[in-house]
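All remarks here apply to the structure that follows.
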Amino acid sequence: MSVDMPVRTEAEIAQLLLGWYDRNARILPWRSPPGSPPPPPYRVWLSEIMLQQTTVAAVKPYFDLFTARWPDVEALARAPDADVMSAWAGLGYYARARNLLACARRIAEQGGDFPDEEAELRRLPGIGQYTAAAITAIAFGRRAAVMDANVERVISRLFAVAEPLPAAKPRLYALTDRITPDLRAGDFAQAMMDLGSTICTPKAPKCLICPVHLYCAANKRGDAEAFPVKAPKKPKPVRHGTIFWIERDDHVWLVRRPDKGLLGGMRALPTGPWADAPPGLADAPFAEGWEALPGGVRHIFTHFALELTLVRGRIEKSCTADMGGEWWRIDRLEEAGLPTIFAKAARQILKGAS
Ligand code: SF4
């Protein structure tokens, strides 16, 4: 199929996808059934922020918890930072939670209504091109080209786009825009997302049961899995650090990470700065009495991999006044809302101690 396909064909693709969606839409807590009035913008916005780089299965319990605790944007705007950060713990990419609160407060200040224009939505904290388009289409039913990673894959196959990602993004976006219909834009966006996650999967796409297989250039070529073409990945740099597990009387010392930066504002086990080489005890909160623990934890962030070694120190007397933090009962550590990497380290240390 040439990318210069006639308008009628584009309309046919949209109709086939909408018909398929009417029969096969996934039932998700933030959605309305196909063809019914759209869900409230608050629920669409919250789900889209949570779904950034995160799976549907991981998001569902967090979405339920957030909407039960903070049922609308005003309620969320009034929530204390620490409560929201703790509720977000484990979902990752914590800058999203800080932006979520900043955005909720901005909307509450402006009267409590989400704007229905992409350009205005994009001025709000944490809302980029994709999220603005998704809210416009899904919550307000207005035409917008919505392209997430699933849609990117479907479009690159449908049109057999040979240019590698990420350079191909503007072209893929223009093609998404071309096949987006004027009516039912929200359902169309969700149909594309569903097709990408259930039929046009990264491996072994189910072309035989795909509603648009007759229009698909990659299917005609018989090499769907070759798309999207990706530029070779550069290996991620590795950074290193040390986790200081400090114990006293069945309690462990926790700190609050600085507001700015990775895992900002989250409760954490103390670490020094993360460096290019293992820092050992260079940034230890006190000089002596450290015991090296076996193993370590590794975590992959967007731009680097982090490897942390573990050491344990015990404090018998109160000498933590200048360390900045709090004692937390070890048997209630799961209530501290530690980010995944620190929760993993804690589990490993406690397993070794038992
Ligand atoms: Fe994807 Fe296959 Fe459908 Fe093409 S025919 S859109 S490759 S599932």
Side-chain angles (χ1 to χ4, degrees), residues 1-28 31 33-35 47-48 51-57 59 129-131 133-134 137-138 143-233:
M1 178 184 294
S2 145
V3 292
D4 300 318
M5 64 182 169
V7 172
R8 196 174 141 264
T9 309
E10 291 157 13
E12 284 166 0
I13 289 177
Q15 282 316 306
L16 284 168
L17 277 166
L18 285 168
W20 174 81
Y21 183 68
D22 287 343
R23 297 184 300 278
N24 297 285
R26 285 179 296 173
I27 296 166
L28 299 171
R31 274 197 183 168
S47 66
E48 290 298 342
L51 285 163
Q52 289 167 7
Q53 323 226 34
T54 310
T55 62
V56 164
V59 165
Q129 181 185 43
Y130 163 76
T131 308
I138 299 168
R143 189 183 180 285
V146 183
M147 188 178 80
D148 68 356
N150 280 317
V151 177
E152 226 169 63
R153 185 171 57 255
V154 174
I155 292 287
S156 71
R157 290 173 174 173
L158 208 46
F159 295 93
V161 174
E163 192 181 354
L165 281 170
K169 275 180 189 277
R171 182 169 173 76
L172 295 175
Y173 179 81
L175 291 167
T176 306
D177 191 36
R178 263 181 55 182
I179 65 165
T180 300
D182 291 334
L183 296 176
R184 297 190 66 191
D187 282 350
F188 179 77
Q190 293 174 105
M192 290 285 279
M193 293 174 196
D194 282 12
L195 189 80
S197 50
T198 61
I199 304 274
C200 195
T201 45
K203 297 256 181 289
K206 303 169 191 72
C207 300
L208 282 176
I209 56 165
C210 173
V212 292
H213 71 278
L214 291 176
Y215 295 82
C216 177
N219 180 43
K220 278 186 192 150
R221 290 163 46 125
D223 62 351
E225 276 191 32
F227 299 93
V229 180
K230 289 187 180 158
K233 269 191 186 163

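Worth saying up front: this structure is predicted, and the values here are computed from it rather than measured. Note: hydrogens, waters and symmetry copies are ignored here, and every other heavy atom, side chains too, is used. One-based numbering, in listed order, for ligands and for the atoms of each.
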Exercise. Could you walk me through whether Asn24 and Ile199 pass side chain to side chain contact (heavy atoms under 4.5 Å, CB included), step by step?
Key: CA-CA 11 Å; Asn24 297 285; Ile199 304 274; over 6 Å; no
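Checked by atom type and distance alone, the side chain of Asp194 pairs as donor or acceptor with a backbone atom of Arg26 at under 3.5 Å. Listed for the Arg221 side chain is no donor-acceptor partner under 3.5 Å among the backbone atoms of Cys216.
For a distance threshold of 2.8 Å, the protein N, O or S atoms nearer than that to atom 1 (Fe) of ligand 1, listed by chain and number, are Cys200 SG.
Gln52 and Tyr130 share no donor-acceptor pair across their side chains, judged by distance under 3.5 Å alone.
In this structure, the side chain to side chain donor-acceptor pair (under 3.5 Å) partners of Arg153, at least two apart in sequence or on a different chain, are Asn150.
Within 6.0 Å of the NZ atom in Lys206, the count of heavy atoms belonging to other residues, nucleotides or ligands exceeds 12.
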